[in-house]
Amino acid sequence: MSLNPSSDWIEIQPGCFYQRREPYNMEWGAVNPSKFRLVAASYGGLLALTREDRKIVKASGAETDLRPRIDIYTQAGKRISYIVWNKTKIAGMGWTDDEKLIIVEATGTVYVYSLRGKEELQFSLGQMARDSGVMEAKIWGTGLVAITNNYDILVINYFQNLTVQNGKAPEPPKARLYPNPSLAEPPVAWAVIDPQYTQSLNAEVIIATRTTVYTVDVADVQDQMTGTYGTFLVIVPSPNGKYVACFTEGGSLIIFPSDFSKKKTEFSTEYKMPPEQMAWCGGDSIICYWAKLKAILVIRVASGDIAKPYVSQYEQPLFLSSECDGIRIITPDRSEFIQKVPDSNESIFSIGSTSPPAMLYDASYLFERKNPKADEMIRSIRDMEFAVEECLRAAANETSPYLQEPLLTASAYGKTFLDSTFDSTKFTDMCKTIRILNAINDNSVGMPITFVQYEQLGLPNIINRLVERHQHLLALRISQYAGLKQEKVLVHWACAKVVGSTASPDEVLHSIVDKLKNSPGVSYAEIASIAHLNGNTDLATRLLDYEPRAAEQVPLLVSMHQEDTALIKAINSGDTDLVYSVVLSIKRKCRSAAEFLQSLKAKPVALQLLMSYCKQQGDLALLRDIQIELNRIPEAGNTTLIQAYKEPELKKRIDTLEESFGILARNKDTFMAKAVEDQIKLLHLQKDFEATIGGEYVDGSVSDTITKLILAGQNAKASKMQKDFKVPDKRFWWLKIRALAATSDWNSLDKFSREKKPPIGYEPFVEVCLEFKSREEAVRYVPKVASPAKRAMYYATLGMLEEGVEAAKLTKDPNIFQQMKTHFSSNNRAKEVLDQLTEQFAR
Amino acid sequence: MKPEGEGLYSSEGPSSGAATVLYPTPPTNVLSLTKMHQEARCALIELLDSVKGKKVLVMDPKLSGPLGQICRDDIAERTWDQGSLENASIADHYRVELTKYVAENIENHKREGQSKEYHVYFVPRSTTICVSLLEEHGVDNVIAVITIGEYPLDLIPYDEDVLSLELESTYRECFLQGDHSSLYYVARSIMKVQTTFGIIPKITWKGNASRLVADMLGRMRNEFEDELTNPSDIDQIIIIDRQVDLITPLITPLTYEGLIDEIFGIHNSVMEIDSDIIGSKSTENASSANIQKKKISLNSGDKVFSLVRDLHLNRVGSVLNQKVKDIDAFYKQRHNNLTPSQLKDFAKRFPAAQRDSLSVSTHTDIAAKIQKIVRAPSFLSRLEAEVELVADGNPVDDYIEECIDKREPLVRLLCLCSLVNDGLKTKKFEHYRSGIIQSYGFEHILTLDNLERLGLFKKQDGRNIFPTLRKNFNVYNEDFDENEPVDLHFAHSGYAPLSIRFIQNSFESNWEERDDLLGPQGRTVQTCSGAEGSKKCGSRMTMVYFVGGVTFAEISLLRWLRSLYGEFIIATTELINGDGFVQSIGENMKPPTAPFQPSEKK
C-alpha cells in the first residue's frame, strides 16, 4: 500500500492520535538541561541557557572560563553566541517574539541582548524595583512582569521598539505599577496571561497564595476564592490564554477558564509532589514531568472527562517548551516535537479511512502505478475540492519530503478533475510555502516550525529572524521567491557588512552600493547610521549621499555634527520641519545669541523660519534681536509695537512705544514713526480725559475720542482734537451728527445742520435719523437732499409715495420708479402707480 | 398614459429628464475619491485601535470638523468610558499653544498621582517644535508613558469634486512670513494622490509658490520611485497660487453658494443660520428671544442644493420653483390609477421626493433672506464700487472716503482699488493710511504694514498691467446673461476671475505666450516607468490645486467649465472667502474698536 506514517502515531486515548517528531540531534555536546536555567523562544526559536546558581554542576575540566555566562543555541543545539554575565543575580530571562533576549537583574535593571549576544539596551524598572529588588520576573513575547521583594507588581505590556533606528537609541520602555493584592509572603506560584488574549489588552497576572488565587490586572485585584481546591502549586496558562492549568497540593490537575468562572475539568494524578515541569501541548493537553519518575504524563484535557493519561519514559533529563500546536521536548541529545496529529493528516492516514482526501490519496497512488482502479475511486469522491485542499494541507503539515511528495501529487491529480472555478494559486502558493518550510527546517538553519506556526508567525517575521541570524542569502532568496520586499534584508546585510567587515571603507562602500543599486527603496540612512555608531563617520557620510530621502539624511547628519550640510539638505528638501530641527539643534549648541545668528546669517530660509518660530512661541525679544542683527529695522520696530501692546499697564506701554518710535525713526518712510508719535500723544490726551472728564477713553481711535467727547458735551475739546489731529471736516461732521443722533439729541442736530452748509450734504442727516429710528426727524432733512433721485428713494423708504413720485419725475429716469417699488411691496395701488409712471417715462 | 414627472426620482437621483432643463448638471462622481476617504478613515480607526484598552479621546476642537468628514458615525460608535485609564490625544500641530495644554494636563495628572498612559497624535504630522515643546515641559521622563505619533491626514474630501488640506492662513504664512511649511504639505499631498491614483502625466504650474511645489514634486518623485508605477486617471494637474490672482477673492461673488459663504459663512461644508429664517413663519413671533442656530449641510448629497449652488442668485428662485412643480407633479401621480408595479416604484421614490421637498423649502427661505441682504443700499453701493474698479480702474475715492468717515469695513475694497491700479498715488496712499489710523484706530497699523509688504495696498510704482490683463483676458464684460451664461462673467457681476482664465489658457496649445503677465509658469511632463495601463474612464480629467485658497465662486466656475474641458477635481489648502482672506493677513495687536476689517463669522 501507499506510504503511511500512521504506524508511528501514539494513541494517547482511544481514537486520539499524537505524533512525535525528532527534528534534530543536538549538537551541543550533551548539555544537561536540568542543570541549567533554560528559556526557549516560541515558534522553534532560539534557546538561551545559563547555569542554575542553585544547582551544583560538575566541572568537566575542559572549561577555561568559569565566569557565569549565558549561551545561545539554535533548536539544533548549535551555539551562535554567548554572553559573559558579570552582573548580579538574574531574576528572570526570556525571549521576545523577535528573538531579543531579555534579562531582568534582581536590581531591577533590564538588559536587552541581540541573539548575537550584544547588549542593545538597558533600562530600569523604576525606583520601586531599585529599592526593594526584583524577586522574580517573567517574560513573554512582547512584555514582562516583575514582582519585587515587596510584592509590588511592575508590568511592561508592550516593548515598543527595542532596536537602534536612524542612529538614535530606542526609547526605553517604562513599567507600570499594577494594583497590589497585599501579599504577606511570596506567592506559591504565579503566571501571566499574554495581553493579546485578555479583554483589556493588558497583561493579567495570576498569583496563587496558600489560601486563594488573585487575578491582578491594570485596574484591580480580584480574589478568585479557590480555597476549596487547596493550594495551587503550579499554574500554567494555555498558549491561547483561554485556560489555566493548576496543580494542587492534593495532586489534582484542575483546568479553569482564565477568568476562573467555573472549573472546566479536574483530574487526580495521584502524585503528591508537584511536577518539576508542567506545560501545555497545544491547547488541548497538559504534559507533566517528574524527574524522579523519569517520565512525562500526557493528559488530554480537551474533552470533558479525562481518561487515563499516557505515560512516556525519558531516561534523560528534559526541558519542556509549549507551542501553539504542540510542545517541544529538549533533552541532552535530542530536540523533539510532540503534537496531536493534524486533522487533515489523520483523515488521510488513519487505517481504513474513507474520507474524500484519503480516497484521493489512494487513487493517486494507484494512478501512478497505472492501476485502473484509480478511476473507480476518483468517481466515488463526492467533494473533490475538499479532498484536494486537505491533501495540500496535509502535505504542508508533514516535514518529510517523502511524504510531502505523494500528498502533493495526489492534490495535483485531484485538481485535474475540478472545473475552472478552483483557484489554482492555492496549489502553487502552498508548494512555495512547503519549499520555504523545508528550507528553514533544515539542520543548518534550525528553525523547526510547523505549518500552523508558520501561518501564525508570518513570513515577514520569519525573514526577520533569519536576517538577525545573519542568514542573509537565504532570507533574500525567500523574499524573492515569495515576492516580498527585499530592501529590509539588503539593508540588514549592509549594516552587518559595515559592522563586521575588516575591509577598507572604500571597498565596503563599493560592495554595498554595487549590491543595492537596483533596489530603489533601500534606506541608505539606516546603513549610514550604523556606520556612524560604529565610529566610521567617513563611511557614514559617503553612504548618506546615496540616500534620496532628506527626512532620513538630515537627523543623522545632525547627530554626526555636520549641521551645515544638514541645513543645506533640509532647506533643499523644502520640508520646513527638517529645517526647524536643524536650526533648533544649532541653537542648542551655540553659546550666545550672536554666535547663533552668525551661523545662520547666510541662510535666509532658516532665518525666516526661525523668526516665524519666535512669533509662534511668543519669543518677541529674540525676534527683535534677530531683526536688529539683520538690520531689518522696520520689522524690529514692528516687533516692538507688538511688545508694547502686550503690556497691560498704560505707562509701560507708552514707554515701549517710545522705544519703538526710536527704532522706527531711523527708517526712510516716516509714516510709521509719525503714527507712533501721534499714538503716544493720543494716549496721553486720553489719560487726561479719563482723569478730568471721567469715562473710558484710552485705546479708542481719534474718531472714537471725538465721538465720546461730543457725547459728553465737551464740544470745545472735540474741536480742539479736530485741529490737533488734522481731522478732515467731512469726517468731523459725520462723527458729530452720528453722535448727536445716537443720543437722540435732535435739537442739537437741527441746530448743527443750520450752522453752515454741511460739507457732506444732507444725506447723512437722513441716514443717521433712519439708523436711529426717527422717521419724523428724517423727513425734516429729505427736502434738503440735493439729488432728486436720492430724495425719491428716501421718500420711498419713508413710505411717502406722492413726494417720492414728485422727486422722481425730476430725474426723468424710468428705472427709479421700479427701484421705488421694492419699498411698497404690500401696497398694490402704489405699485400700479409706479408701473404706470415707469411706462410713461420709458417712452 | 405616462404619468407626469415620471423618471424624476429614480433611486440614483434626478435623471436627465430634470437635468436637461437645469444647467449646469450636478457633479458626477468624477474620480473615486471614496478611496482617499476610506484610507483616511482606516488610518484613523487603526490609530485609535492601536491604543490598547479603554481610552479617553481628547481632541482639538478645530479637528472635529475635518474628522467629521472622514468618519461620521464610526467615532461615535467607538465611544469610550469616561474616567478610564489611558488617554489618547489628538492635537493639531498648527497650534503650538495646544501642545502646551497637553503638557500641562499631563503634569496635573502626575501631581494628582494618577498613573496613565498617554498617546499624543499630531495632525498631519508631529513636528520638531511640538515634540521639543513636550520635552521642554518635562513630560518625557515622568512615570507616565507617553507615545507620540502622527495622523497623516492631508487632503480631506469635502465633496465629490473638492479636496482640502484644511490649513489656515497659507497665504500669510508663505508670502508674509516666508514660512513654506504649507507648500511642503501641498507637495506631499500631491504625492499621496499619485501613490493612490498613479502618476499624473502633466504638471502645469503658475506662480512662485507653485514653482516651489513643482520643484519639490520633482525631488519627491525620486524618493517615492518604488511606489509610483501606474499612470493616473488624472490627465494633468494645474497648480496655481493665490499670489497670481489676488483680485478674485476680494470681489463679492454672486453665486448662491458664494453668497452663503459671504453672508453666513460655511465651515466644513456646514452653514449655520438662525432658525427663524427657515421654516414656517408662525414661529416668528412666538419666541424671537430664543433664536437658535440651525446647522445645514451643504454638499452634493443634497440634490436640490447641488442644482442651485453654482448658479447666479437671480436664477436660484426660478430653478427652485421648477423643482417644486416637479415634486408636485410627482406627488400627483398617486391620484392616477397606478398599476401595482407603478405603485411600488412610486413608493420607492417617495422618500427622495420628500427629502427634496424639504430641501427646496429650506433653500427658498435662505435665498429669500440673501435677496433681502443683497438688495440693501449698502450692499449695492459696495457692488457698484467693485464694478467700477474692475471695469475701468476708476478710483472710487468718494466711496472710500465715506467708508473711512463712517468707519465701515473697507480693507477688501481698498486692496482691490490698489491692485487694479497697481498701487495708489503717493499722496492718496498717505492720506488713506493716516485716515484709517485716525478713524479705525492705531491697532491697524501693522495690518496696513502687512498689506503693503504683500503689495495688496501700496504706493504706485512701475507700469500697471491690469488694463492689459483686462483687455487680453476679457476680464470685464457688463453684458452678461446670468440665465444663459456664455462666459465666466456671471459669477461676479461682470468680472471674470484671472485664476480661471489661466486655467482655461493652459488648455491651449500656445499657452506659454498668452499670460506670462500673471507671473512665472511652467510645465513638467512625467513619464511612467510601469506598464502603460489604459485609462479606466474615458473623459478628460484635470486636477486644479489652489495653493493659498480657493473661493466657492471659483469652484462654481470650474464646474461650469466642465462641458468644455472635461472633469475637474479641485484641491486646495483651504476654502476661503474675501473676509477670511483679508482677516488672515491682518495683525491684531488688541481687539480693535472699529471694524476696518470684517469681523469673523462664528
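For the numbers below, each heavy atom of this structure counts, side chains included, while hydrogens, waters and symmetry mates do not. Each chain gets a letter, A, B and so on, in the order its sequence line appears, and its residues count up from 1.
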Quick one: what part of [X] sits under 4.5 Å from any heavy atom of chain B, side chain, backbone, both or neither?
X: A:Glu767; answer: side chain
X: A:Lys615; answer: side chain
X: A:Thr198; answer: neither
X: A:Leu657; answer: side chain
X: A:Leu609; answer: side chain

When A:Val727, A:Thr797, A:Val579 are compared by non-hydrogen pairs under 4.5 Å with chain B, the top option: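 With the most close heavy-atom pairs to chain B, the winner is A:Val727.
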Shorter than 4.5 Å, heavy atoms on both sides: which option in A:Phe671, A:Phe725, A:Trp733 has the most such pairs with chain B?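 Heavy-atom pair counts peak at A:Phe671.
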Please check if the side chain of A:Gln608 supplies one atom and the backbone of B:Gln177 the other of a donor-acceptor pair under 3.5 Å.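 Yes; at least one donor-acceptor contact below 3.5 Å.
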What part of [X] lies closer than 4.5 angstrom to a heavy atom of chain A: side chain, backbone, both or neither?
X: B:Arg219; value: side chain
X: B:Asp449; value: side chain
X: B:Leu446; value: side chain

Pair B:Arg453 + A:Glu635, salt bridge at N-O below 4.0 Å: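 Salt bridge: yes.
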Quick check on the interface: out of B:Pro377, B:Gly435, B:Ala187, who has the most heavy-atom pairs with chain A under 4.5 Å?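 Most heavy-atom pairs within the cutoff with chain A belong to B:Gly435.
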Classify the angle between the aromatic ring planes of B:Phe429 and B:Phe457 as parallel (below 30°), tilted (30 to 60°) or perpendicular (above 60°).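 B:Phe429 vs B:Phe457 ring planes: tilted.
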